[in-house]
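Counting starts at 1 for both ligands and their atoms, following the listed order. Because the structure is a prediction, the values reported are computed rather than measured.
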Amino acid sequence: MSTSANPKPKRRRRGPPKQCPEYPMVATVGAMVAHEVGAEGPRRDARQGPAFPRVVTTTARGGRGAGEQGAGGVEGSASNADKSAHEAGGVDGTYLTETRFDQCAISPLSLKAIKDAGYERMTQVQEATLPIILQGKDVLAKAKTGTGKTVAFLLPAIEVLSALPRSTSINLLVMCPTRELANQVAAEARKLLKYHRSLGVQVVIGGTRLPQEQRSMQANPCQILVATPGRLKDHLENTPGFSTRIKGVKVLVLDEADRLLDMGFRRDIEKIISFIPKERQTLLFSATVSEEVRQISHLAMKRDYNFINTVQEGDEETHAQVNQTYMIAPLDLHFPILYDVLKKHVAEDAEYKVIVFCTTAMVTKLVAEVLSQLKLNIREIHSRKSQSARTKVSDEFRKSKGLILVSSDVSARGVDYPDVTLVMQVGLPADREQYIHRLGRTGRKGKEGQGILLLAPWEMHFLSIVNDLSISEAATPSIDSSIQAAVSSIKLVLILYLPI
Ligand SMILES: Nc1ncnc2c1ncn2[C@@H]1O[C@H](COP(=O)(O)OP(=O)(O)OP(=O)(O)O)[C@@H](O)[C@H]1O
């Protein structure tokens, strides 16, 4: 099978899911992965801003539920639709708008930094949200993966902060679900702050030393804090003076809002919000915003928040220029198939850059080990690695080509690795949203990409929740004897991983 030259076969509906079988204690690669998968189961004045092309905005009115649509829905013109791919900065012609940053109400210091960063025209989500955020409104924004949401919330927030008197309080708090994403958001903030000498940014994330963060905060109290929820809670409970500093928050951002508001993080977020003044502006951004998230967004936002959705009705949440396929195969073929697909992809594209998503940290480690033994150029990242190892691998993968990153869901959301050529998802994603976010690591900034989902026959039920996306079945490759022999040759190594 050629990974890039796959003809797009017709989508085929299949029967109900089959029962998951019992796994014999045979040290085949596929069976071991199956075992693990089975165990887990599946203020400034409002100034004249630009027009809002191809965007739907909805205002939830005061006194009504936040999830209810107000009368303010606006659908704008499709000014970008006829731009050539090259002009628009992406193959689908919709990545950048005609609006330049220097046409907007942005301070000269920010504009200079934006120019240095190489940004000239705004993305759709930036164009749509900037004027509303500058009016001081709460915003819930939905925009496809890799379309510049980070700048969309950081830039106006920095504009708000630059108008405040100098202080040692935290004025902007950005919450992120993963450490890698928090580091990335802080790096983007540093770019935008280049000429704002009076503003600084600090990151607080788990897996690093709390006392070191405490000392650094004392020595240099920054106005912008980017944090993961658990560590932020630690500081609230253990760092003297922190709960006072956080009372200075004027803008709160929940990046990957739906993830932060889901059950896993909800308690931490509720607690953190209880320390922050109610008189603040709140911004929630994500590529996926379910109705449920809209219902609970009032936990963080004012009732009259604006919902800005740059994914047009009838349009998919994934990118048209990303070719999505799925393969169904028995588990004992998953390793040979994975190896075959990767080998062909590496041979076809000298600039290959692949992410293989696995279901758990343990499966990730196992898959990385096996693929390394098969002489592919592998790096691994998951929650059971030290934070310094995670940061090292993440930085290396960001800068490199010719690498395959085997990852758990720590890389699923928000992480911006440029030019990823293929995202392979092995086993069931946690849900539809996770499938979309994982896939969104490729096809960023309007570039082309490819996604393959590899499932076992009893995992096919997942297809019913993504059947509105352009995902079609691909034939499984026929595994030749050399591939089979190569994978079989590493069985003995795997025995080391079996529980005693
Ligand atoms: N106006 C712009 N012009 C050119 N590049 C931009 C612009 N705005 C942002 N970028 C770049 O686009 C890339 C994607 O941005 P970002 O990571 O913020 O996307 P995202 O929408 O948050 O993605 P995800 O949904 O995966 O979190 C980054 O490399 C960023 O530097």
Review point. For ligand 1, which atoms have a heavy atom of Thr147 less than 4.0 angstrom away?
Key: 19 (O), 20 (P), 21 (O)
Practice item. Note the single closest protein heavy atom to atom 23 (O) of ligand 1, along with its residue, its atom name and the distance in Å. Key: Gly146 N, 2.8 Å
Exercise for review: Would you indicate whether the side-chain heavy atoms of Gln425 and Gln434 approach each other to under 4.5 Å?
Suggested key: no
Study note, to complete from the structure: So the atoms of ligand 1 within less than 4.0 Å of a heavy atom of Lys144 turn out to be 21 (O)
Review point. Can an N or O of Gly148 be found at a distance shorter than 3.5 Å from an N or O of ligand 1?
Key: yes
Review point. Between Lys233 and Asp268, is the closest basic N to carboxylate O distance under 4.0 Å?
Key: yes
Exercise for review: Please report which non-hydrogen protein atom sits nearest to atom 30 (C) of ligand 1, along with the residue it belongs to and the distance in Å to one decimal place.
Suggested key: Tyr119 OH, 3.6 Å
Review point. Looking at Arg267 and Glu270, does any basic side-chain N land under 4.0 Å from a carboxylate oxygen?
Key: no
Check your understanding: Is Lys112 close enough and on-axis enough to Tyr195, meaning under 6.0 Å and within 45°, for cation-pi?
Key -> yes
Practice item. In plain terms, say whether Arg121 and Glu127 are close enough for a salt bridge, that is, a side-chain N and a carboxylate O under 4.0 Å apart. Key: no
Review point. Which residue holds the protein heavy atom closest to atom 25 (O) of ligand 1, what is that atom called, and what is the gap in Å?
Key: Lys149 NZ, 2.7 Å
Exercise for review: Please indicate whether any nitrogen or oxygen in Met122 is less than 3.5 Å from any nitrogen or oxygen in ligand 1.
Suggested key: no
Check your understanding: Got the closest protein heavy atom to atom 6 (C) of ligand 1, with its distance?
Key -> Tyr95 OH, 3.2 Å
Check your understanding: Is the charged tip of Lys353 near the ring of Phe397: under 6.0 Å from the six-membered ring centre and within 45° of its axis?
Key -> yes
Review point. Which ligand 1 atoms does Leu96 reach within 4.0 Å, using its non-hydrogen atoms?
Key: 3 (N)
Practice item. Considering only non-hydrogen protein atoms, determine which one is nearest to atom 28 (C) of ligand 1 and report residue, atom name and distance to 0.1 Å. Key: Asp416 OD2, 2.9 Å
Review point. Under 3.5 Å between some N or O of ligand 1 and some N or O of Arg121?
Key: yes
**Study point:** ligand 1 atoms in contact with Arg441 (distance to a heavy atom under 4.0 Å)
**Key:** 26 (O)
**Study point:** Option with minimal heavy-atom separation from atom 26 (O) of ligand 1, where the choices are Gln184, Arg413, His437, Arg444
**Key:** Arg444
Exercise for review: For the pair Asp102 and Arg100, find out whether any cationic side-chain nitrogen is under 4.0 Å from an anionic carboxylate oxygen.
Suggested key: yes
Review point. Do the ring planes of Tyr119 and Phe101 sit parallel (below 30°), tilted (30 to 60°) or perpendicular (above 60°)?
Key: tilted
Practice item. List every atom of ligand 1 that sits less than 4.0 Å from any heavy atom of Phe101, numbering the atoms from 1 in the order shown and giving each element. Key: 1 (N)
Review point. What protein heavy atom is closest to atom 18 (O) of ligand 1, reported as residue, atom name and distance in Å?
Key: Thr150 OG1, 2.6 Å
Review point. Is His319 reaching over with its side chain to a backbone N or O of Gln321, donor-acceptor style, under 3.5 angstrom?
Key: no
Exercise for review: Do me a favour and list the nearest non-hydrogen protein atom to atom 8 (N) of ligand 1 with residue, atom name and distance?
Suggested key: Gln126 NE2, 2.8 Å
Practice item. Tell me, please, whether Tyr417 has Arg441 positioned over its six-membered ring: NZ or CZ under 6.0 Å from the ring centre and within 45 degrees of its axis? Key: no
Point to revise | Sub-4.0 Å atoms of ligand 1 with respect to non-hydrogen atoms of Glu256 | key: 27 (O)
Check your understanding: Is the shortest side-chain N to carboxylate O distance from Lys115 to Glu120 below 4.0 Å?
Key -> no
